[in-house]
Amino acid sequence: MNCRSEVLEVSVEGRQVDEAMLALLHTILLHRSTGKFHYKKEGTYSIGTVGTQDIDCDYIDFSFVRVSSDELDRVIRKAVGEFKDAMGNGTDGMGQISLEFYQKKKSRWPFSDECIPWEVWSIKVNVVNLANEQERQICREKVGEKLGEKVINIVEVINQHEYLPKMPTQSEVDNVFDTSLKDVQPYLYKITFQITDTLGTSKTTWFCAY
Amino acid sequence: MMDSDLSPQDKKDLDKFIKFFALKTVQVIVQARLGEKVCTRSLSSPTGSDWFNLAIKDIPEVTHEAKKALSGQLPGIGRSMCVEISLKTSEGDSMELETWCLEMNEKCDKDIKVSYTVYNRLSLLLKSLLAITRVTPAYKLSRKQGHDYVILYRIYFGEVQLTGLGEGFQTVRVGVVGTPIGTITLSCAYRTNLAFMSTRQFERTAPIMGIIIDHFVERPFGNMGHMRPCNYRAPGEDEGAYNGVEDSQEVCTTSFSTSPPSQCVFTVSKAHLKTPKPAVMDTLKVPMMGLAFSHQLYCSRLSYQPPVLVGAADFCHPSTLNAANPHQVTTQMGIPGKEGGVPQQVPVQPCHGAQAEHGRVSSCPPADHVPATPSSSGEGAETLSRSIEVKGVSPCDVLETTFTRKVGAFVNKPGTQVTTASLDLPFAAFAPRAYDLEENDPMVQPPESPATSSPLQGSLHSQGSGESGGPAQDDFVMVDFKPAFSKDDLLPMDLGTFYREFQNPPQLASLTIDVSSQSMAEDLDSLPEKLAVYEKNIDEFDAFVDTLQ
């Protein structure tokens, strides 16, 4: 099974990094989260309900929908915050934040469990500095339009209905889903990012969300 | 038929999925155009009433409209369900913004599992719809609706019509789901041509958007159904009026199996729920009155009045008032837009039920027409309309009367004496006669106002009027007050000078020696004649005396 890889690119102003990343990551996670599984006897299970909520961006003319889960939002915000800090404030630079969905494959002792990615979303971010308020206003609208295009791209990919992990049994659910949240259940994922500073050096930081 | 290989249970399940998918699709689209943010809670435990495991509330009116459009049919090959979103301005102009199409083509996927894969993919498609509805241009417009325009929706079934979107419309595909009987596709065609046509309605405020030139083209198809407001009635406090599931609505009891796909278990059962609590504790953050007002849309005067539910709060329905007197409503009643304060509560305006039933989509009637309303609350609204019109007239009348000042009789004011057409002043022969027109009387026709306007003058102008209060403006008249002895007075002098100058007025001409030198006899001789004339005109003198009282 080959891992599907998608790349999205955006150019944003420094203060827009957080919201742009949150918008795209949450849009992906909306499609890659289900309700909580409740296993019953006889090998059947039921699925909880996923709520959604609209989020308005402050620095971008854009609104997006995310899963109604404060826990999940906190995790994503923390990752995006670290990415933003690594990018630096107010400086030009490039970075890439990746959202990787994976499955765990149990290995025999002494080998550790293997993480096999099945879908990776890479968001390349180019941070620009703007000179005046007029440019910032134009940037607000332009970035909003761009994010809209990216959301459409995401939806196009997702609705191709390519590989998805098989629904696990109760004993294997933790190998496919992140069951740590109390209200929703995203597929197992991890967030990583790379920063390329102005000197061209690349730093990779692993931020394991689960 | 492609579904000949489908088991009866699978066929039944598939039909049910398609039906509820269509209903949920409509809900998502309309709720995304309400103009407010949507928020629903996640529930870890399934309630059995949330189709596709998504918390999408059901606005009863929207479900009703969707079911009415479907008329018991399902979207299928050649039978598409469409949701049309339009914009309507306060002046009655309307424009289609987008059309969402739920279609089915002939491409079948016979191997797909209905009760598992199709269901989950439909759930995924709904999530995509949630995302895409926030991305098309109509979303931003719907978030800003209020004074100048509102957003309409219309559901129809059958052939897709996109001609109202103008040239160069774009299409975005939300997604596809293959089924054994065909492939379900969900897409959106949206207008891109928002060029300005008229600035008439935007002369006071910055234009929010333009009106395209071709929106006056008549629809090529008749019997298109009705436009409905993107309206939402918030539930009552007990939430009893707002049920996620209607009585006897089929409940989705999702139960999946982790066994191999051939042993998937999926049950759909009917449940009779009498007083079910909503599946999701919806927290749609909408000020109800404000939302109802700002989303009161109607096209062709076809407003939909849902049946009053127990516990449901009343909502404003001033759509007719808006259409009838858009400017009067906004200026006289002072109802602000969404960003402003709380709108006034107006009586509930019942629907034009008779018109709605006929399914006409006529062009919008003239803006000054107040449609008849059958119910008592409608009369109230109509009265309100009328009262608004009266208010609009009276200020003008008041202003006009301030100018009718008459100079009294016997006033020695050469050159400025005002004579009424129907009255001869008594003893007019003794007074210098100078027939001066009313127009030249500064007390009746004030001279042009100076560059600096007084506060009083400013207060007599209605808001939003033009710069000059000249004859071109019918609503108000400029008043230029020149208090006596002010620097702008006609006789620029102070009070002391005025007193000294006029302290000793000259003798009346009638009492001078020259006049008295006339023959007394001649005067006495002419007296009877004069008395006769006066006696003849006694009625006029009486009327004159009455005016003095």
Side-chain angles (χ1 to χ4, degrees), chain A residues 23 26-28 30-40 42-56 61-70 72 144-145 147-152 154-156 158-161 164 166-173 181-185, chain B residues 28 32 36-50 52-56 116-117 120-121 123-125 127-137 139-140 143 172-178 186 253-259 261 263-267 279-283 285:
Chain A
H26 271 303
T27 298
I28 297 166
L30 169 67
H31 292 86
R32 292 292 182 240
S33 299
T34 71
K36 294 287 288 182
F37 281 17
H38 296 274
Y39 288 91
K40 305 169 189 175
E42 300 162 3
T44 60
Y45 63 96
S46 59
I47 307 177
T49 301
V50 173
T52 59
Q53 62 183 97
D54 285 317
I55 304 294
D56 290 336
D61 280 347
F62 189 69
S63 299
F64 62 93
V65 178
R66 69 166 174 88
V67 169
S68 285
S69 170
D70 291 339
L72 181 63
E145 290 171 11
L147 287 178
E149 290 174 18
K150 299 306 161 191
V151 166
I152 293 174
I154 291 169
V155 163
E156 274 174 0
I158 291 204
N159 277 274
Q160 288 168 5
H161 300 302
L164 277 180
K166 197 173 67 171
M167 284 299 137
T169 59
Q170 188 170 11
S171 59
E172 292 180 352
V173 67
L181 306 177
K182 67 172 188 285
D183 44 13
V184 294
Q185 190 174 286
Chain B
V28 168
E36 296 288 342
K37 294 199 284 188
V38 177
C39 178
T40 57
R41 271 175 43 184
S42 299
L43 289 176
S44 62
S45 299
T47 60
S49 58
D50 291 319
F52 309 106
N53 309 116
L54 281 174
I56 299 171
Y116 174 74
T117 308
N120 286 332
R121 287 185 179 180
S123 175
L124 206 59
L125 190 52
K127 291 174 181 174
S128 298
L129 182 64
L130 282 163
I132 297 287
T133 46
R134 275 66 177 171
V135 159
T136 54
Y139 180 73
K140 284 185 192 166
R143 291 291 300 270
V172 58
R173 192 169 77 167
V174 182
V176 297
V177 173
L186 185 55
T253 306
T254 56
S255 180
F256 295 91
S257 169
T258 54
S259 308
Q263 296 179 18
C264 276
V265 173
F266 189 94
T267 58
V280 178
M281 302 283 283
D282 298 326
T283 54
K285 295 167 188 166

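The chains referred to below are lettered A, B, ... by the order of the sequence lines, with proteins before strands, and numbering in each begins at 1. Just so we're clear, the structure is a prediction, and the values are computed from it rather than from any experiment.
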Which atoms form the tightest heavy-atom contact between [X] and [Y], and what is the distance?
{"X": "B:Lys127", "Y": "A:Leu30", "value": "CD-O, 3.1 Å"}
{"X": "A:Val155", "Y": "B:Val174", "value": "CG1-O, 3.0 Å"}
{"X": "B:Cys39", "Y": "A:Gln53", "value": "SG-CB, 3.8 Å"}
{"X": "B:Thr40", "Y": "A:Ser68", "value": "O-OG, 2.6 Å"}
{"X": "B:Ser44", "Y": "A:Lys182", "value": "CB-O, 3.3 Å"}

message: For a 4.5 angstrom cut-off between non-hydrogen side-chain atoms, does B:Val135 reach A:Phe64?
response: no

query: With side chains defined as the heavy atoms from C-beta onward, is the minimum distance between A:Asp56 and B:Arg143 less than 4.5 Å?
result: yes

Using modelled atom types and a 3.5 Å cut-off, is there a donor and acceptor pairing between side-chain atoms of [X] and backbone atoms of [Y]?
{"X": "B:Ser42", "Y": "A:Gly51", "answer": "yes"}
{"X": "A:Thr49", "Y": "B:Pro46", "answer": "no"}
{"X": "B:Lys37", "Y": "A:Ser63", "answer": "no"}

task: Sort A:Val50 into side chain, backbone, both or neither according to what part of it lies under 4.5 angstrom from a heavy atom of chain B.
output: both

task: Tell me, for A:His161 versus chain B, whether the close heavy atoms (under 4.5 Å) come from the side chain, the backbone, both or neither.
output: both

query: Relative to chain A, which segment of B:Val176 carries a heavy atom at a distance below 4.5 Å: side chain, backbone, both, or neither?
result: both

Pairs of heavy atoms under 4.5 Å with chain B: top-ranked of [options]:
{"options": "A:Glu172, A:Arg32, A:His38", "value": "A:His38"}
{"options": "A:Val184, A:Asp61, A:Leu147", "value": "A:Asp61"}
{"options": "A:Thr34, A:Ile154, A:Val65, A:Ile158", "value": "A:Val65"}

Ion pair check, B:Arg134 and A:Asp54, cut-off under 4.0 Å: yes

- line: CG (A:Leu164) and CG (B:Leu124) are apart, to the nearest 0.5 Å, by 7.5 Å

message: Nearest 0.5 Å, please: how far is CD1 in A:Ile47 from CG in B:Asp50?
response: 12.0 Å

